Structure formats: structure tokens, C-alpha cells
Amino acid sequence: MSAPDRIDVVSGRSAIAGIGETVYGKNLGRSELDLACEAIVAACADAGFPVQEVDGIVSYHIEQVSEEAIVHALGLENCSFMARTTSGGGGAASVVGLAAVAVASGQAESVIAFRARNRSKGASYGGDPNQGGRPWEKAGRAVSGGNQWHHPFGVASPTHEMALIARRHMALFGTTAEQFGTQSVAQRFHASHNPRAIMRTPITLDDWHNARMIADPIRLVDCSLENDGATAILVTTPERARDLPQPPVTVLAQAMGAGPIHVALADYFRTSSSFDERDFAGRHIARQLFARAGCTPADVDVAAIFDHFTMAVPLSLEQYGFCGLGEGGPMIESGATRWPDGALPVNTHGGSNGEGFIHGANHVPEAVRQIRGTSTCQVAGAEVALVTGAISDPAGAVLLGRG
Amino acid sequence: MHPDLPRPAPGPVEAPFWEWCRRHELRLQRCSDCGTFRFHPRPRCHACTSAAADWTPVAGTGTVASYTVLYPPVLPAFADRVPYNAVVVQLDEGPFMVSNLLGVDNEDLEVGMRVAVTFVDVDDEYALPQFRPVGAEAA
């Protein structure tokens, strides 16, 4: 699958110079445009970079804040590159990947990647299903497209999808729900150190056992939070980044993939159910990613793994090559993903069930802080950080490292 | 019936599946060129890219590949059914389907159970392909 003859003009040829985040919280009562502008201005301020020199905008395909709105709101008169990623949370890390492609190929010099969300239950701005509350609850009575294959059976939310995937993994490999719970507990511990986190009270495995079941085996505290907020990242050239105040964080490599066969909500296991590379994009992505960066999973010091549900973590650990197939649960149980003693601390900001859920976009600033050495759960001497998109979609990942 | 009970609004490629269900027959697209079954319906064969396909009867039997039991929040039309199960069935012909397993207590669900399709008429226009454990009718 690798293509060694292709010339890679992207890997190592861009850097993250700034990160910006709004407060993450419930029902903030602000528009997504307002939140996006705050995060973008904050990312530029963090970088010591003039906002109006931003010349590229990258976002998620279901982002509700248009490029036009950003350009007009912030007066970005030099905007010359705009693009969006694919497949919801699958593209979470790929906003950085896409910005890196634009910068390294010379299509833009300084690109903002962002995500703004109002997903608290009480929040609603505009009429799009992707604004305010839960999109699956708005599918209506007549269901078309992929929804017609599961909504009539009462299967509608991503929780339901991931529960079915989790149960299959448990049946095949002996993975236990407590192993998902152990990741949930670790992330809430990480969140307890993080002043940005919405959930700052740590929990125990007993608390996890006592948490309400949502979709067996997924409990409430395994789920991402439903909150508002925005995240922005400024990607620029290595040369420009070196002249800015923050230590540059190099985009060592990016990779995207839909696998040979992908798994989407309507699809489940299309022609296979063994969690091998016929099922998921992760291995395909990982192969490209590590080859491009010239390193291996053993070189990764810290990971920010897309965790809409904590059971996505063991699957991702397997797909990205940190352990063998079926070994993700035991790896978590061993404490490997828990800071400070674990060999590969995962989601040291508290992740989506601790810090908050900005559709995975808030995982990027944490990886940047780890490389800068400024995380509230700092991994000593961290040099290489992995950021992944969702495991169950066409997806992508980036590797970040010291500049 | 709950007024918001979801009902399929299929496009032209998908409509035959639901029409066969209405007649209480489980039929899947099968590639006319390479013989590969596929579900859900798609315009092309994923094995050979052929557009030619026949709606072929299948046995309606399969194995539970995965299951879950759902609690709130669920779709409003299902709120009074919680906790209810959902399953992924691998049909004996290969493809996987999301459905529900009838006649089984939630605590008795198991991966690997043998199941057979049963059609539940929702109304005159629409029947839902659900499953029962094989042998349950004798119990």
C-alpha cells in the first residue's frame, strides 16, 4: 500500500505556531461564529501573529460557520486557501493535516484550522441538524439514506453504533466493559488537573459501575460531553514559526484514509467483522503516517485519541499499532494510558468525557502543549505526539513533534 | 403507533428491498456478474464495480454478530420501549444487517445466537424485517 516513489512535500514542512480555545461549557449562550472568532483571535494572539495575515481557513465538513462569515468578521482580506475535511469526527486531526498540505505546498502561508460547536441540549442557533442538541434526534419521521437501515429499529445515535462495535470486540477478544471504564477513569483523572475541563471531579471505577447505562456496554461516563465551545489552531511555515514567540511544533506527518472498507453508522460491518484492516481505516492511516514521519509507534510519547466514547481508545491503540489486535483492553487495564506512570498517556487534557467535546478539535491544542512542555499533565520530555480522528469513519491522523 | 415512528423513505436503488419486505420476503442485491451479495443496497458491486444486480431471495437465517441494549436517550418514538435490544445479524449469505431480536430477554442475548427473519407489519405499506432465535417457535 505504501508508495515510496512519491515525493512527500508535506511531512515536516509546516508548524503549529498558535492555539486558541474558548471556555468549554454548557449553554454558553453565544453563536458559533462568535465562539469561532474568539478561538481564532486567541490562536493568533498565542502565536504573536497578526490576525489579518491569516491567508487560509480549514474546517470540518459539517462546520456551520462559513468561510465567508469568518473572512467578513475578521477582515481576512488575503484569504487564498479554503478547504474542509471529510466525515465528521473522522476529520478531527485532518484539519491540521489539510492546513499542513496547504502551507507545505505553498498554497497559503498561515492557515487557521477551527471547529465551533453549540451542542448543549438547550443551545440552538439556526435550523441545521448540525446545530444545537443531537442531530440524530432531528432525523424526522421519513428516514432516507443510511438512516433507513437503522432508525426503524430504534438504532440512531453514535452511542448505539459504538455499543454494537464494542460488544463485537468483547465477544471476539474478551475485552471487558471495565477496560473502557478504566480509560474513562484515567481521563477524568487527567481532567481533574486541567482548569479548562468541564468535569474536574475525578471518578473511580466504582463510580463508573454505578453510572447510568446508555447503550450496553457504554455508560454515561464513557460518553463525550454535550457542550459548547470553539478551538482554533494556526499552522504556518517552519521559517515563520521560528520567528514567533512560541516554540514551533512541527507537523511531522499527516495521513488520511478510508481503509479498503470503512465502517459508518449505516454500515456496521459491511463484509467483515474481525476488526482487521478490512474493517477500519486506522491501520491504513497508521502505515502511511509513520512511514512519512520516519518513526514508529514506539517513538510516540503521548497520544490524543478521538474518544467520542472511551471504547474508541482501545480500538485506536490496536489500529495505530501500539498493541496487537485484541490487546487494547488489557493495555488500558495495565495503566499504560494513564498519566503520569503510563508508557503512553492518552488524552492528558481529560479527553471528550473530561475536558469537553469539540468534535476532537480540542485534542490538537493538548498535543501542542505536550510538545511545548506546558500540559497540566505533562509527559516528561515529550517529543512526539499523535492526534487521531474517529476510528469508525473515513479518518485521518497527524504526528506532531519538536520544531 | 407513535406519530414519529421512523419509516423508510427509500430512493430508487433502495426501494425494492422494502417492497420485498412488505411482501414478507427477504431479498438482497446480488451482483449479476460476480455473484457477490450486498447490503445495504448500493448502485454498484463493491467487489467488481458492476452495476448489474438481481434482487435475490436469501434464506433469512443468520448469526448474531453483536448486540446492545438501549436506554435513554433514544428516538422519541422508542422512548416507551426502553430498555430494548438491537442486534447486528450476519446473514448466512454474508452481509450484515441491523435489526431487533424478538422473543428474547435482554439478559439472554448472546453473540453467536442462530436467528431467522420474521416480518412485522407496521402498516399496510411497510413491514420491518426483525429476527427470532431459531427454534424459539418450538419453545
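Being a predicted model, the structure only gives us computed values, none of them experimental.
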Quiz item: Do you know which of B:Pro83, B:Pro41, B:Ala86 has the most heavy-atom pairs under 4.5 Å to chain A?
Solution: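 Ranked by heavy-atom pairs under 4.5 Å with chain A, first place is B:Pro41.
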Quiz item: Among B:Trp18, B:Tyr84, B:Tyr126, which residue forms the greatest number of heavy-atom pairs with chain A at distances under 4.5 Å?
Solution: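 The residue among B:Trp18, B:Tyr84, B:Tyr126 with the greatest pair count is B:Trp18.
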Quiz item: What pairs with A:Ile198 under side chain to side chain contact (heavy atoms under 4.5 Å, CB included), at least two apart in sequence or on another chain?
Solution: A:Tyr24, A:Leu225, A:Asn227
Listed pairs under 3.5 Å, donor-acceptor, residues 71-81 of chain B side chains, sequence neighbours left out:
none

Quiz item: Within the distance-only criterion (no hydrogens, no angle test), does the side chain of A:Asn27 pair as donor or acceptor with the backbone N or O of A:Gly29 below 3.5 angstrom?
Solution: no
Quiz item: Where the side chain of A:Asp307 meets the backbone of A:Thr310, is there a donor-acceptor pair that is under 3.5 Å apart?
Solution: no
Just checking, any donor-acceptor pair under 3.5 angstrom between side chains of [X] and [Y]?
X	Y	value
B:Glu19	B:Trp55	no
A:Trp136	A:Asn147	no
A:His308	A:Glu161	no

Self-check item: Residues in residues 104-120 of chain B that sit under 4.5 Å from chain A, counting heavy atoms only
Solution: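 Listed by number: B:Val111.
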Practice problem: Residue by residue, scan residues 4-11 of chain B and write down, ordered by number, those that have a heavy-atom distance under 4.5 Å to chain A; if none do, write 'none'. | Solution: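 So the qualifying residues are B:Asp4, B:Leu5, B:Pro6, B:Arg7, B:Pro8, B:Ala9, B:Pro10.
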Practice problem: Compute the ring centroids of A:His151 and A:Phe153, then answer whether they are less than 6.0 Å apart. | Solution: no
Quiz prompt | Ring centres under 6.0 angstrom apart (A:Phe309, A:Phe180) | solution =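 Aromatic pair excluded; centres sit 6.0 Å or further apart.
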Quiz item: Considering all heavy atoms of both residues, which atom of A:Val313 and which atom of A:Gln187 are nearest to each other, and what is their separation?
Solution: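 A:Val313 and A:Gln187 have their closest heavy atoms at CG2-OE1, 3.9 Å.
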